[in-house]
Each structure stands twice: as structure tokens, then as C-alpha cells.
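Only one structure is covered here, and it is reproduced in the block below.
Quick note: numbers below take in every heavy atom, side chains included, and nothing from hydrogens, waters or symmetry partners.
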Amino acid sequence: REVLVLDHAAKIGEKIRIAGGGKCNFTNLNCAPDKFLSNNLHFCKSALAQYTQQDFIALIEKHGIPYHEKTLGQLFCDNSSADIINMLLQECRDAGVEIKTSVTVDKIETGFNISTSVGIIKAEAVVIATGGPSIPKMGSTGFGYDIAKQFGLNVIPPRAGLVPLVFDPIILDFTKELSGLSVDPVEVTSKSGKTFREAMLFTHRGISGPAILQISSYWNPGEEITINMAPDISVLAWLKEQRKIQSKSAPQTLLSTILPKRLAQQIAQALPGNMADQPDKILQDLADRIARWRVKPSGSEGYRTAEVTLGGVDTNELSSKTFETKKVPGLYFIGEVVDVTGHLGGYNFQWAWSSGWCAGQIV
């Protein structure tokens with residue numbers, strides 16, 4: 001096959017470049033189907049089995065790229081994301097792939113006459129690898145969805161995923177003084193019962209951090225989430241025990257031993273007296289505010305800061321083995337543009353590698 005890559009951006013791989021704080025969390029050792037969201041949870045299994053995280057790690061090692069493991073199986077480059085981009089470009093050169101940047105595609109016709117800013121290109125097959133509209137400042141658009149709809153394919157309505165959550169002014173009155181404060185770990189649970197245990201960060205607009213980005217993909221507008229800010233202890237039992245053995249201590253002094261000091265002060269500031277003065281009802285309320293903080297976000301920060309896009313081209317329209325569309329032979333959709341979204345931690349990159357590899361086996 002002769003392969004031509006068209007990219008409307010001036011530079012290849014800009015989302016790779018900024019990923020992982022510039023270190024690119026390129027895959028995860030624990031990559032498994034249960035780390036992905038989709039309207040068809042079985043769809044991703046074939047691709048993840050055909051091209052695994054170990055296959056991509058072998059490619060990294062073949063190119064001599066140094067890397068390291070962080071928490072929860074996340075793998076990062078030792079140097080920078082540029083190592084991944086350069087590796088992929090080298091693989092393209094080795095395979096004779098031609099790459100054209102700053103090229104816009106105006107129209108794709110049946111039979112694959114492609115009208116572009118550099119003229120009409122005739123293709124035997126077309127692979128749409130355009131992602132979703134998350135982080136639009138990087139040039140992201142909904143182009144892939146438009147092409148899918150043009151060819152009569154169903155698109156699951158997209159929305160922002162792995163995104164900070166925001167609060168209304170009433171809740172912000174309590175949290176705004178905590179902006180910049182991290183609590184690690186917390187356990188955050190969605191209405192559906194999905195739970196993540198990672199760090200949470202208070203922001204000037206609401207909450208963020210890995211735990212919140214994770215739960216955002218499972219959160220729907222109007223729903224509450226429940227946050228346990230001291231998941232390693234039974235908070236109520238601990239408070240009652242402290243009332244016995246440290247009865248003369250101020251509540252906020254004791255809370256600062258299990259919570260960041262600013263957060264302890266914020267939660268306990270209205271409590272008069274010392275621990276001995278706190279009845280069971282107050283301790284229960286205190287425990288609930290710490291271990292069962294039920295809060296209803298007013299929304300998310302949207303595509304502007306979302307790391308991924310949920311939804312996309314309906315998996316029922318695609319072959320799970322090759323990613324070819326069932327209705328239009330020769331038309332393929334891979335990566336984030338498809339209705340498969342990974343958790344935070346390298347899973348979305350692995351989905352890109354796996355789905356791309358499968359489509360690349362075209363004969």
C-alpha cells in the first residue's frame with residue numbers, strides 16, 4: 001500500500017507532545033477492557049488483544065526510548081514526548097509513508113475522491129483518525145463525526161470526558177478558599193457506583209485532580225458524587241475515640257492530623273469549644289462532611305480542558321477486528337473518534353495504538 005497521511009495541523013502529534021506534562025503517558029501495564037467506556041463494552045476486546053501494551057512497549061524498546069513506571073501502571077518517557085513523536089515518524093519513514101501537514105479536507109466522496117486544499121486525491125481506502133473536539137486550542141474538531149454522518153453512520157452524542165467539574169456559587173462559597181489544595185488520596189463515587197481512589201484538587205471553579213477526572217466520565221449533569229476525603233480510616237469511630245483520649249483538643253487541631261490543615265480549618269471552623277463539647281450528632285455530621293461529602297457539580301469545564309471525548313462513531317457500525325465500516329467498504333474509523341474512551345493513565349493512547357494497528361492490517 002501507498003499511504004498518505006493528511007493533517008490539518010502545522011505539526012504532527014501535538015496532543016502527544018503535551019500529554020503527561022510533556023512526558024507522554026504512552027500506555028499502561030494494566031490495560032484491560034474494563035478500563036474503557038463505550039455503549040458496547042465488548043467492542044474494545046479484540047483490538048486490545050491483537051495489539052497489546054506489551055507490543056507497544058516492545059516498539060519503544062526497539063527504538064531505545066528510556067521510560068519509567070509511575071503509579072497504577074502508568075508508563076512515561078524519561079526524556080520527553082518528542083521521543084514518541086520521533087519514533088512514530090521514523091516508523092512512517094521506514095514504511096514509505098508520506099505525510100502532508102497544513103492540509104484541510106473539504107469533502108470525501110463515495111469512491112474516495114478527496115477534495116483537499118492541495119487538490120483532489122484518489123484513495124482505495126480512507127482511515128479517519130481525527131479524534132474528538134477535546135482541547136480545541138490544539139486544533140481538535142468534530143470533523144470525524146461529520147464524515148461519519150455524511151456516510152450514514154450513527155454517532156453517539158459526544159461530550160467531554162476526563163474533565164474538571166465545576167460548582168455553583170453556593171458551593172464555591174465553601175470551597176473557594178481551598179483553591180490549589182490537594183487531598184491525596186480520596187475515594188470518589190458516582191451515582192452508578194463507580195469508585196476511583198486517587199488525588200483530588202480544589203480549584204477556583206470546583207474540583208479537579210486524577211480522581212475527579214476519572215469520575216467525570218461516569219458523571220451525568222444533575223447527579224451527585226460522593227467524596228471520602230479520609231478513606232483509610234473509619235472517621236466517625238476515630239472522632240469518638242479522639243473525644244475520649246484528647247478531649248481538650250480543638251476539633252480542627254485533630255482534623256489536621258488526617259486532613260490538610262486548611263481543609264480541617266474550613267470544615268471545623270464553626271464548631272465551638274473542644275472535642276469534649278461535641279455531642280454524637282455533631283461528630284456524625286462532621287464524619288459525613290469528611291467521609292461522605294455529597295456534592296452536586298453544576299457542570300464540567302467542557303471540551304476546553306477535557307482530555308478526551310466520550311461518545312463518537314457507534315461501534316455497531318464498525319468491525320471490531322479491522323475497524324472498517326460495515327456500510328462503506330474501505331472506510332475506517334480509529335482511536336478517539338470511535339465510541340470507546342479509556343480511563344486516565346495511558347489507556348487512550350493504547351486505544352489509539354491498538355485500533356490503528358488493526359486498521360493497518362488491511363490487505
For residues [X] and [Y], determine if any side-chain heavy atom of one lies less than 4.5 Å from a side-chain heavy atom of the other.
X: Leu162; Y: Gln214; answer: yes
X: Val105; Y: Ile114; answer: yes
X: Glu324; Y: Pro329; answer: yes
X: Leu344; Y: Glu307; answer: yes
X: Asn86; Y: Gln90; answer: no
X: Glu187; Y: Thr226; answer: no
X: Phe36; Y: Leu41; answer: no
X: Val186; Y: Asn228; answer: no

Query - Verdict with reasoning, Glu69 to Gln74, per side chain to side chain contact (heavy atoms under 4.5 Å, CB included) - result: CA-CA 6 Å; Glu69 179 184 353; Gln74 301 171 67; over 6 Å; no
[X]/[Y] ion pair, N-O < 4.0 Å:
X: Glu91; Y: Lys62; answer: yes
X: Glu14; Y: Lys11; answer: no
X: Arg294; Y: Glu224; answer: yes

[X] side, atom [atom1]; [Y] side, atom [atom2] - distance, nearest 0.5 Å:
X: Arg205; Y: Asp168; atom1: CZ; atom2: CG; answer: 12.5 Å
X: Leu286; Y: Ile290; atom1: CG; atom2: CD1; answer: 4.5 Å
X: Thr175; Y: Leu263; atom1: OG1; atom2: CG; answer: 11.0 Å
X: Leu213; Y: Ser300; atom1: CG; atom2: OG; answer: 10.5 Å

Pairs involving [range], ordered by first then second residue, that meet salt bridge (Lys or Arg N to Asp or Glu O under 4.0 Å) (sequence neighbours left out):
range: residues 310-320; value: Glu317-Lys327
range: residues 108-133; value: Arg1-Glu124, Lys107-Glu109
range: residues 139-153; value: none
range: residues 233-248; value: Arg243-Asp280

Would you find a donor on one side and an acceptor on the other, under 3.5 Å apart, between the side chain of [X] and the backbone of [Y]?
X: Ser80; Y: Gly22; answer: no
X: Gln150; Y: Ile108; answer: yes
X: Thr189; Y: Thr195; answer: no
X: Asn28; Y: Leu72; answer: yes

Can a donor-acceptor pair be found between the side chains of [X] and [Y] at a distance below 3.5 Å?
X: Thr116; Y: Lys100; value: no
X: Ser256; Y: Gln252; value: no
X: Ser320; Y: Ser46; value: no

According to ring pair (Phe, Tyr, Trp, His ring centres under 6.0 Å), does anything in [range] pair up with another residue at least two apart or in another chain? List the pairs.
range: residues 295-328; answer: Phe43-Phe323, Phe323-Trp351
range: residues 122-172; answer: none
range: residues 242-265; answer: none
range: residues 212-235; answer: Phe196-Tyr218, Tyr218-His343

Query - side-chain hydrogen bond (donor to acceptor under 3.5 Å, both in side chains), paired with Asp339, selected from Asn39, Thr315, Thr309, Asn154 - result: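 Filter result, single survivor: Asn39.
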Query raised in the report: Does Ile227 share a hydrophobic cluster with Ile171, counting links as ILVMFWY side-chain heavy atoms below 4.5 Å and allowing steps through other members?
Result: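 Yes.
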Query raised in the report: Looking at Phe76, does the NZ or CZ of Lys23 lie under 6.0 angstrom from its six-membered ring centre and within 45 degrees of the ring axis?
Result: no
Report task. List the steps, then state whether side chain to side chain contact (heavy atoms under 4.5 Å, CB included) holds for Val183 with Leu201. Result -> CA-CA 6 Å; Val183 186; Leu201 175 70; over 6 Å; no
For [X] against [Y], the heavy-atom pair lying closest together:
X: Gly356; Y: Ile334; answer: CA-CD1, 3.6 Å
X: Pro260; Y: Ser182; answer: CG-O, 3.7 Å
X: Lys326; Y: Asn316; answer: NZ-O, 3.0 Å

Contacts table for residues 265-275: side-chain donor-acceptor under 3.5 angstrom, sequence neighbours left out:
{"from": "Gln266", "atom 1": "NE2", "to": "Phe174", "atom 2": "O", "distance (Å)": "2.4"}
{"from": "Asn274", "atom 1": "OD1", "to": "Ala276", "atom 2": "N", "distance (Å)": "3.1"}
{"from": "Asn274", "atom 1": "OD1", "to": "Asp277", "atom 2": "N", "distance (Å)": "3.4"}

Could you identify which residues cluster with [X], counting Ile, Leu, Val, Met, Phe, Trp and Tyr as linked when any side-chain heavy atoms lie under 4.5 Å apart, either directly or through a chain of such contacts?
X: Ile170; value: none
X: Tyr67; value: Val3, Val5, Ile12, Ile16, Phe26, Leu29, Tyr51, Phe56, Ile57, Leu59, Ile60, Ile65, Leu75, Ile84, Ile85, Met87, Leu88, Leu89, Val97, Ile99, Phe349, Trp353, Trp357
X: Ile135; value: Ile18, Met138

